[in-house]
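Notes follow the structure.
Since the model is a prediction, treat every value here as computed from it, not as a measurement. In what follows, chains carry the letters A, B, and so on, assigned in the order in which the sequence lines appear, proteins first and then strands, with residues in each chain numbered from 1.
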2 protein chains.
Amino acid sequence: MNKKRTTLKDLAKELGLAASTISRALDDHTGISQETKEKVLKKAEELGFTRNSIASSFRKSKTLTIGVIVPRIDIHFHSLVISGIEEYAYKSGYNVTIFQSRDSIKRESKITKILQNKMSEGVIICLGTETTSYEHFEKLNRMKIPLVFYDRVPTGFEANKIIINDYESAFKATEHLIEVGCKRIAHIGGSQSTGIFKARFEGYKAALVKHKFPMEKNLVHFTKDLSYEEGALVAKKLLALKSRPDGIFCSNDYTAVSAIQVFQKNMVKIPQEIAIVGFSNYPISKIIEPHLTTVNDRAFEMGMAAARLLIRQIEEEEDIIQTEIITIKTELLIRESSTR
Amino acid sequence: MNKKRTTLKDLAKELGLAASTISRALDDHTGISQETKEKVLKKAEELGFTRNSIASSFRKSKTLTIGVIVPRIDIHFHSLVISGIEEYAYKSGYNVTIFQSRDSIKRESKITKILQNKMSEGVIICLGTETTSYEHFEKLNRMKIPLVFYDRVPTGFEANKIIINDYESAFKATEHLIEVGCKRIAHIGGSQSTGIFKARFEGYKAALVKHKFPMEKNLVHFTKDLSYEEGALVAKKLLALKSRPDGIFCSNDYTAVSAIQVFQKNMVKIPQEIAIVGFSNYPISKIIEPHLTTVNDRAFEMGMAAARLLIRQIEEEEDIIQTEIITIKTELLIRESSTR
DNA sequence: CTGAAAGCGCTTACAG
DNA sequence: CTGAAAGCGCTTACAG
C-alpha cells in the first residue's frame with residue numbers, strides 16, 4: 001500500500017518556516033509567537049498533517065506504551081484488570097499492548113523478549129500457572145524496564161506487586177459465617193501451591209481459631225482449579241457426611257455456585273441449612289438464587305493501581321531503587337446466601 | 001531513568017564489521033556467511049544486544065501493531081474477541097494495542113486520532129452505542145489504514161465487516177422451539193435501532209411465517225439493553241397474560257436466564273411448560289438450571305477472522321480497492337431449557 | 001560475501 | 001521569537 005504522508009518539512013516549506021519552529025509550535029512551546037502557532041495549526045489542519053509518532057518516539061526514545069501479560073484475556077477477572085489499566089493509561093496518555101501467555105512459561109518468556117526491544121516502557125504481569133522461575137523478568141529488570149505484578153505474583157523475587165489482602169478477606173468471610181450462627185464451617189479451597197489460595201485457607205483457619213472452633217479435617221477440601229465441576233464434586237462429598245457443615249467458605253464463586261446448586265437439588269435449604277460465601281464477586285454471584293455473599297476483589301481498581309504505580313516509575317527521573325507492594329482493600333458483599 | 005543500550009554500532013565495532021553486515025546477519029539474510037552469522041549471534045548474546053525496534057519500525061515505517069477499539073473490555077463477548085485477535089496477531093508477529101471507547105463517541109473519535117499517527121497499521125473496531133456517523137473512520141480510510149469492523153458495524157458505510165448470521169441464527173433457534181412442540185412462541189428482543197437485534201427479530205418472525213404461526217403482538221417485547229433486569233420485567237408481563245406462551249426466543253442469555261428464574265419462582269416448569277432459548281453462549285448458560293439452549297456466536301473465531309482479514313490487507317502490496325464482509329457461522333447449542 | 005553512505009522524520013541544544 | 005545543524009539507531013540500494 002502506498003501511503004504518502006505530509007511531514008514536518010512539507011509544512012515548513014509551505015509556511016516558509018523552519019521545521020524546528022513547526023515542531024515547537026505544535027508542542028505549544030512557550031517562546032513561539034501566538035501568531036505563528038495559529039498559522040501552523042491552521043496549515044496542519046489544512047494539509048491533514050499529523051506528526052509521525054514513530055519518528056517522535058524514536059527521537060525521544062519514549063513510546064508511551066505499556067505492555068500487559070495475562071494468562072488469558074477472556075477470564076473475567078483479567079478483563080476487569082485490563083479495563084482498569086487501560087482507563088488509567090488512557091488518561092495518562094499511554095497506550096496498552098496486551099499479550100496472553102496462556103499459562104505457558106515458554107510463551108510468557110518469548111513475550112518478555114518481544115517487550116525487551118523497548119517498545120514498552122514498562123510491563124504489568126500476572127504470572128502463568130507454570131511460572132516458578134523468573135529469569136525472563138530479571139532480564140527486563142536489568143534493562144531498567146519497570147515491572148508491576150498483580151494477583152499471581154512471584155515469590156522470593158523482589159518486585160512491585162499489587163495484591164489484595166487474601167488472608168484478611170478470608171478471615172472476615174469466615175467470621176461472617178460464624179456471626180450468622182454457623183457452627184461447623186467447611187472450606188472449598190484452591191491449590192495450596194498458589195499463594196493467594198493458601199492465604200485464603202490460612203484466613204479461614206485463623207477465624208476458626210479466634211472463635212475457638214475446632215478445625216475438622218473432613219470439612220476442608222482443596223481443588224485443583226476451583227472449577228465449577230470440582231465444586232460440585234466437593235459439595236457431594238460434604239453432602240454425604242454423617243454430620244454436614246452448616247456453612248461453607250469457598251475460595252471462589254464458581255465452586256460456591258455449584259455447591260449451592262448441588263445442595264438445592266438435594267433439598268438442602270440455602271442459607272437456612274447451609275450458608276455459603278464465595279470469593280471474587282463474579283457476575284454470576286448476583287444471578288444465582290439465592291444471590292451469593294462474596295468478596296469483592298476490586299479487579300478494576302487493581303488494574304488502575306498497577307498502571308498508576310508503573311507509570312509513576314516510568315516517569316521517575318532517577319533510577320528506581322525500591323519496590324512497592326500495594327494491597328487493595330476488599331469488601332465483603334453480604335447477600336442472601338448467608339443471610340439468616 | 002538512565003538506560004544505555006548496546007546498539008548495532010557497538011556490536012559492529014566489537015567485531016570489526018560494518019553495521020550493515022550485523023543487521024543482515026541478525027536478519028539471517030542469504031548472502032552473509034554462516035561463520036559471520038554465528039559470530040554475530042554469539043556476540044549479540046554476550047553483550048545482551050537486542051535490536052531497538054522503534055528505530056527499526058521507524059526506518060521501515062512498519063510497527064507491526066494493530067489497534068483495537070471496543071466499547072468495554074470487561075464485557076465477556078469482547079474479551080473473547082480480543083483473545084482471538086491477540087492469538088492470531090501473536091502468531092503473525094503483530095502486537096495488539098487496545099482502547100475502550102466506553103460507548104462514548106467523543107472518546108472513540110479521540111482514539112482514532114491517536115491511531116492516525118501510524119502507530120497502528122490497521123484497526124479493528126466494534127462501534128460504541130452512540131456512534132451513528134463515521135467521519136472519524138473516514139479519516140483513517142483516507143490515510144489508507146485498513147479497518148475491520150465486527151459485531152456493531154456501520155450501516156451505509158462501505159467497510160470490512162465480520163458479522164454473524166443473526167437472521168438465520170434466530171430463525172433456527174425459533175424453528176427449534178417449533179420442532180420441540182411449542183405453539184405460541186414469545187420473543188424478548190433488543191433495541192430495534194441496532195442492526196443485529198433487528199435481524200434476530202426478523203429471523204424469529206420468518207420462522208413463525210414459515211410454519212404458519214400467527215405473530216401475536218403481546219408476545220413480542222423489546223428491551224433497551226437486554227439486561228438481566230429488563231428480562232425479569234418482560235417475563236413477569238408474559239406470566240400475567242391470560243394465555244401464556246409455551247416457548248420464548250430471547251435475543252441474549254441474560255434475559256433468558258432471568259426469565260427462567262422468574263418462571264421458576266412462579267412454579268412454571270422449564271422446559272415442560274415454557275421452553276427457552278437464548279443467544280450468545282455466555283458462561284452463565286451452562287450454569288443456570290436447567291442449562292440454557294443458546295446460539296454460540298463464536299466470539300473467539302470472530303476475533304481470529306478480524307485479525308486475519310486485517311493483517312492480510314496490511315500486507316497487501318497494492319492499494320486495497322475492495323471491502324469484505326465475512327459471516328461467521330453460528331451453532332445452536334441445544335441444552336435442557338428446550339429439551340422435551 | 002561485505003562495506004560506506006544516505007536517509008527515515010522528528011527533537012533539541014546551541015546560536016542569534 | 002526563530003533557525004541551522006546534528007543525530008537518534010536502524011535499513012537498504014548501490015558498489016565492489
Side-chain angles (χ1 to χ4, degrees), chain A residues 1-41 43-44 47-65 93 114 116-119 121 143, chain B residues 1-41 43-44 47-65 93 114 116-119 121 143:
Chain A
M1 308 204 16
N2 86 71
K3 308 174 196 175
K4 240 194 306 183
R5 292 164 46 93
T6 322
T7 67
L8 265 190
K9 257 190 183 166
D10 298 334
L11 252 188
K13 216 188 291 173
E14 281 283 327
L15 289 164
L17 287 167
S20 44
T21 306
I22 309 284
S23 177
R24 285 188 278 242
L26 292 169
D27 277 349
D28 202 13
H29 236 259
T30 55
I32 295 286
S33 73
Q34 202 51 44
E35 202 196 328
T36 305
K37 281 181 191 169
E38 275 161 24
K39 256 198 318 200
V40 170
L41 248 38
K43 201 67 174 180
L47 301 183
F49 170 81
T50 49
R51 220 197 294 257
N52 180 333
S53 67
I54 309 169
S56 181
S57 287
F58 169 51
R59 183 51 232 265
K60 297 198 279 192
S61 59
K62 268 192 189 149
T63 55
L64 294 178
T65 295
I114 296 170
Q116 270 170 44
N117 304 356
K118 83 175 310 215
M119 314 215 351
E121 301 190 54
M143 297 180 74
Chain B
M1 305 201 22
N2 86 71
K3 309 175 195 173
K4 241 194 305 183
R5 291 166 45 94
T6 321
T7 68
L8 264 189
K9 257 189 180 166
D10 298 335
L11 251 187
K13 215 188 292 174
E14 280 283 326
L15 289 164
L17 288 166
S20 44
T21 306
I22 309 285
S23 177
R24 284 188 279 244
L26 292 169
D27 277 348
D28 203 14
H29 235 258
T30 56
I32 295 287
S33 71
Q34 202 51 45
E35 202 196 327
T36 304
K37 282 181 192 169
E38 277 162 22
K39 253 200 316 201
V40 170
L41 248 38
K43 202 66 173 181
L47 301 183
F49 170 81
T50 49
R51 218 196 297 256
N52 180 332
S53 67
I54 309 170
S56 180
S57 287
F58 168 52
R59 181 52 231 266
K60 297 199 280 192
S61 60
K62 268 190 188 151
T63 55
L64 294 178
T65 296
I114 295 171
Q116 270 170 45
N117 303 355
K118 81 174 313 210
M119 315 217 348
E121 299 190 54
M143 298 181 72

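The B:Phe49 side chain lies nearest to D:dC10 when the options are C:dA4, D:dT2, D:dC10. For A:Leu17, the side-chain atoms get nearest to D:dG3 when compared with the rest of D:dT12, D:dC10, D:dG3. Which of D:dG9, D:dT12, D:dG3 sits closest to the side chain of B:Ser20 comes down to D:dT12. The B:Arg24 side chain lies nearest to C:dA4 when the options are C:dA13, C:dG9, C:dA4.
One finds the OG1 atom of B:Thr36 at 11.5 Å from the CG atom of B:Leu41 (value rounded to the nearest 0.5 Å). Rounding to the nearest 0.5 Å places CE of B:Met119 at 7.0 Å from OG1 of B:Thr63.
Where B:Ser23 and A:Gly31 each meet DNA chain D at their nearest nucleotide, the meeting point lying more 5' is that of A:Gly31. Residue-to-nucleotide proximity on DNA chain D shows that, of A:Ser33 and B:Ser56, the 5′-proximal contact is made by A:Ser33. Residue whose closest nucleotide on DNA chain C sits further toward the 5' end, between B:Ala55 and A:Thr21: B:Ala55.
Here B:Ile54 lies out of heavy-atom contact (under 4.0 Å) with every strand. Across all strands shown, B:Thr36 has heavy atoms under 4.0 Å from sugar-phosphate atoms exclusively, and none from any base.
Side-chain atoms of A:Ser23 and A:Arg51, non-hydrogen and from C-beta on, do get closer than 4.5 Å to each other. Side-chain contact between A:Glu38 and A:Gln34 is present, with heavy atoms from C-beta onward closer than 4.5 Å.
The nearest whole Å value for the distance from the CD1 atom in A:Ile32 to the C1' atom in C:dT12 is 12 Å. Here C:dC10 presents its C1' atom at 15 Å from CZ of B:Arg59, a figure rounded to the nearest Å. Protein atom CG of B:Leu11 is 13 Å distant from nucleotide atom P of D:dG9, rounded to whole Å. In this structure, B:Lys39 atom NZ and C:dT2 atom C1' are separated by 11 Å, rounded to whole Å. Atom CZ of A:Arg51 is separated from atom C1' of C:dC8 by 17 Å (rounded to the nearest Å). Atom CD1 of A:Ile22 and atom C1' of C:dG9 are 13 Å apart (whole Å). Taking atom NZ on A:Lys60 and atom C1' on D:dA6, their separation rounds to 18 Å, with Å as the unit. Between the CG atom of B:Leu26 and the P atom of C:dT2 there is a distance of 13 Å, rounded to whole Å.
Judged by Watson-Crick or G-U wobble contacts below 3.5 Å, the nucleotide C:dA15 has D:dT2 as its partner.
For B:Ser56 (side chain) and B:Asn52 (main-chain N/O), no donor-acceptor pair under 3.5 Å exists by modelled atom type.
The aromatic ring of B:Phe58 is not stacked on the base of D:dC10, since the criterion of ring centres less than 5.5 Å apart with planes inclined by under 30° is not met.
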